[in-house]
Amino acid sequence: ETGVTQTPRHLVMGMTNKKSLKCEQHLGHNAMYWYKQSAKKPLELMFVYSLEERVENNSVPSRFSPECPNSSHLFLHLHTLQPEDSALYLCASSQRQGRTEAFFGQGTRLTVV
Amino acid sequence: GQNIDQPTEMTATEGAIVQINCTYQTSGFNGLFWYQQHAGEAPTFLSYNVLDGLEEKGRFSSFLSRSKGYSYLLLKELQMKDSASYLCAVRAASGTYKYIFGTGTRLKVLA
């Protein structure tokens with residue numbers, strides 16, 4: 001149990017579908033992140049929310065849409081994805097101040113067919 | 001640009017010592033992190049260095065030299081369960097949230 005929970009763990013979707021990934025953290029952190037992990041590539045930062053305000057958006061295609069309704073929950077809404085979007089999507093959280101290691105969820109393994 | 005380099009794969013024997021190196025070039029520095037990631041699982045935090053020197057935590061130690069842009073993770077008394085990927089990450093600057101990750105080093109521990 002890492003304190004950061006992601007659902008679903010696995011998702012297969014067609015290119016015309018709409019789906020959402022959910023992340024919940026129970027650590028009292030005030031920053032949350034979405035990362036994409038593809039084979040043989042570094043973890044890519046997609047979005048960061050601090051105190052529910054988006055503070056980083058790393059040129060991610062608009063077919064990925066994040067939502068942070070409160071400091072404990074983070075969503076990633078997906079629509080009209082491409083096969084190259086198949087990857088492991090990791091959610092993380094951290095504190096804004098002080099010791100700042102990020103804690104990761106188990107990830108959602110996404111396959112776009 | 002921002003860059004973190006690690007070896008892609010390493011192999012070591014159970015009971016041995018292994019050192020995984022990481023070099024980085026980032027605009028600003030506010031800490032270096034090591035994570036362990038087993039296949040299909042979440043990365044888990046191992047160590048944090050923000051000042052030069054060695055941080056020891058049980059069988060794991062991490063070293064940092066900021067002037068050289070260099071860190072290493074030292075694993076002692078290797079066990080089979082240490083077979084995993086080890087990710088080096090740098091937090092680029094204070095007040096930002098950019099954790100820049102390397103590609104990770106896949107460590108295989110052989111019996």
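By convention in this document, chain letters (A, B, ...) are assigned in the order of the sequence lines, proteins followed by strands, and residues within each chain are numbered from 1. Hydrogens, waters and symmetry mates are skipped; everything else that's a heavy atom, side chains included, is used.
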Would you mind checking which part of B:L87 comes under 4.5 Å of any heavy atom in chain A, side chain (CB onward), backbone (N, CA, C, O), both or neither? side chain
If one checks every heavy atom of B:Q6 against chain A at 4.5 Å, the contacting part turns out to be neither
Quick check on the hydrophobic clustering: are [X] and [Y] connected, directly or via other members, by side-chain heavy-atom contacts under 4.5 Å?
| X | Y | answer |
| --- | --- | --- |
| B:L78 | B:F60 | yes |
| A:M32 | A:L45 | no |
| B:L73 | B:V18 | yes |
| B:L54 | B:Y48 | no |
| B:L74 | B:I20 | no |

When rounded to the nearest 0.5 angstrom, what is the spacing between CD1 in B:I100 and CG in A:L43?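 Taking CD1 in B:I100 and CG in A:L43, the distance rounds to 12.0 Å.
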Separation of B:T103 OG1 from A:Q37 CD (nearest 0.5 Å): 10.5 Å
For A:P42 and B:F101, which heavy atoms make the closest approach, and how far apart are they?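 Closest heavy-atom pair between A:P42 and B:F101: CB-O, 3.2 Å.
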What is the minimum heavy-atom distance between A:G105 and B:A42, and which atoms define it?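 Closest approach of A:G105 to B:A42: O-CB, 2.8 Å.
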Donor-acceptor pair, side chain of A:E101 and main chain of B:F45, under 3.5 angstrom: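 Flag not set: sc A:E101 to bb B:F45 has no pair under 3.5 Å.
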Is the CD atom of B:Q79 crowded by more than 12 outside heavy atoms at less than 6.0 Å? yes
Given a strict heavy-atom distance threshold of 4.5 Å, which part of A:R109 is in contact with chain B: side chain, backbone, both, or neither? neither
Do any of residues 75-91 of chain A come closer than 4.5 Å to chain B, heavy atom to heavy atom, and if so which ones, in number order? A:L88, A:L90
Greatest number of heavy atom pairs closer than 4.5 Å to chain B - which of A:S94, A:A31, A:A102: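 With the most close heavy-atom pairs to chain B, the winner is A:A102.
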Please work out whether the ring planes of B:Y35 and A:F104 are parallel, tilted or perpendicular, with thresholds of 30° and 60°. perpendicular
